[in-house]
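As a basis for the values below, the full set of heavy atoms in this structure was taken, side chains included, without hydrogen atoms, waters or symmetry mates. Just so you know, these numbers come straight off a predicted model, no measurement behind them. Below, read A as the first sequence line, B as the second, and so on, with proteins coming before strands; counting in each chain starts at 1.
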Amino acid sequence: MPVRLAGKNASPYARLGNLKVLYLKLKSEFGFLDWWPGETPDKILIGAVLTQNTAWKNVEKAISNLEKAGMLSVCAIAGAENKTIEAEIRPSGFYRQKAAHLKGICMHIEENGGLSRFFRKDAHELRLELMALNGIGNETADSILLYAAGKPVFVIDAYTKRIMSRVYGISERLGYLSLQQIITNGIEKSIPLYKDFHAQLVELAKRYCRKKPLCGECPLRGFCLYANSSRA
DNA sequence: CCCCAGGCGTCCA
DNA sequence: TGGACGCATGGG
């Protein structure tokens, strides 16, 4: 299904032939970023919820607390009291919401035969089921699908939107699924590529493509619309 | 003191 | 369908 090119954004989309070049440039700059190496699906799933609009440093504390309490599993969370979960994940912020969400998510998974059985479903069905749960939206669903379940689904986040906006002039208000389709149409379908590309974009956004960008030192300054505009 | 961080659900037009 | 708002801790 081709992406429809329309209006003033038609021309920047044509530049997406550079997408793989952009990835390779980032990879040569940051190296291969191995997110979640050897970690359990349970830990990755829980981390995906805890990191919602939250600095990763704080999530690490919450995960460490859960681990020490023997609660870093879908099964343990499903059987724990909300108050108990809240106490452990407090450093990750929004802790009452996240505790309630995690509990509901984990209970649903346990009631349906556990995580390994859950992840055996095909990506499309799994995505719909995840999205139906309270506390899981587009990004969290896709993070779980890619990093925990090992499905070929590209993750879009606020960093991805910002970078695509600045480099290619794609509107930041473009819908999640639209931007996801544009990107997956521009690179080959590969789980390791999807994993590393997303990680590279996060790294770029943290180091250079911040809200107040550091275009002068940015590895993408050579082919970024924003870096080469008068505003940068 | 301020702003920000790997979103999401709810409410409202 | 889309914008405003609440949720909360910890670091710069």
On a whole-Å scale, what distance lies between the P atoms belonging to C:dG10 and B:dC8?
-> 22 Å
Specify the separation, in whole Å, of atom CD of A:Glu172 and atom P of C:dG2.
-> 15 Å
Quick one, which residues of residues 131-141 of chain A touch DNA chain B with a heavy atom under 4.0 Å?
-> A:Leu133, A:Asn134, A:Gly135, A:Ile136, A:Gly137, A:Asn138, A:Glu139, A:Thr140
For residues 127-142 of chain A, which side-chain donor-acceptor pairs fall under 3.5 Å, sequence neighbours excluded?
from, atom 1, to, atom 2, distance (Å)
A:Arg127, NE, A:Asp142, OD1, 2.7
A:Arg127, NH1, A:Asn138, OD1, 3.4
A:Arg127, NH2, A:Asn138, OD1, 3.0
A:Arg127, NH2, A:Asp142, OD1, 3.3
A:Arg127, NH2, A:Asp142, OD2, 3.0
A:Glu129, OE1, A:Lys121, NZ, 3.4
A:Glu129, OE2, A:His108, NE2, 2.9
A:Thr140, OG1, A:Gln52, NE2, 2.9
A:Asp142, OD2, A:Tyr176, OH, 2.7
A:Asp142, OD2, A:Gln180, NE2, 2.9

With a 4.5 Å limit on heavy-atom distance, are the side chains of A:Asn65 and A:Ile89 in contact?
-> no
When rounded to whole Å, the CD1 to P distance for the pair A:Ile144 and B:dG7 reads 14 Å
For A:Trp35, all residues meeting ring-ring contact (aromatic ring centres under 6.0 Å, His included), sequence neighbours excluded = A:Tyr147, A:His198
Among pairs that include at least one residue of residues 23-32 of chain A, which meet side chain to side chain donor-acceptor pair (under 3.5 Å), considering only residues two or more places apart or in two chains?
-> A:Tyr23-A:Asp196
Could you check which residues of residues 28-46 of chain A get a heavy atom under 4.0 Å from DNA chain B? Sort them by number, please.
-> A:Trp35
B:dC4 versus C:dA4 - spacing of their P atoms, nearest Å = 16 Å
Test item: side-chain donor near acceptor, A:Thr54 and A:Lys98, under 3.5 Å = yes
A:Arg162 vs B:dA5: side-chain N/O to OP1/OP2 distance below 4.0 Å | yes
All pairs passing ring pair (Phe, Tyr, Trp, His ring centres under 6.0 Å) where residues 44-70 of chain A contributes a residue, at least two apart = A:Trp36-A:Trp56
Does A:Leu22 reach the side chain of A:Phe223, with side-chain heavy atoms less than 4.5 Å apart?
-> yes
Kindly state each residue pair satisfying side chain to side chain donor-acceptor pair (under 3.5 Å) with at least one member in residues 72-92 of chain A, sequence neighbours excluded.
-> A:Arg90-A:Tyr95
For A:Asp34, all residues meeting side-chain contact (heavy atoms from CB on, under 4.5 Å), sequence neighbours excluded = A:Phe32, A:Pro37
Using a heavy-atom cut-off of under 4.0 Å over every strand shown, decide if A:Ala48 touches base, sugar-phosphate, or nothing.
-> nothing
From the list A:Ile163, A:Leu204, A:Val21, side chain to side chain contact (heavy atoms under 4.5 Å, CB included) with A:Leu26 holds only for A:Leu204
Footprint string (nucleotides 7-12 of chain C, 5' to 3'): B base within contact, S backbone only, - free, heavy atoms under 4.0 Å = BBBSS-
Quick one: list whatever passes ring-ring contact (aromatic ring centres under 6.0 Å, His included) with A:Tyr208, sequence neighbours left out.
-> none
Minimum side-chain heavy-atom gap A:Lys189-A:Thr184 below 4.5 Å = no
Going by heavy atoms closer than 4.0 Å, what residues in residues 205-214 of chain A are next to DNA chain C?
-> none
Taking only residues two or more places apart in sequence or in another chain, which ones pass salt bridge (Lys or Arg N to Asp or Glu O under 4.0 Å) with A:Arg96?
-> none
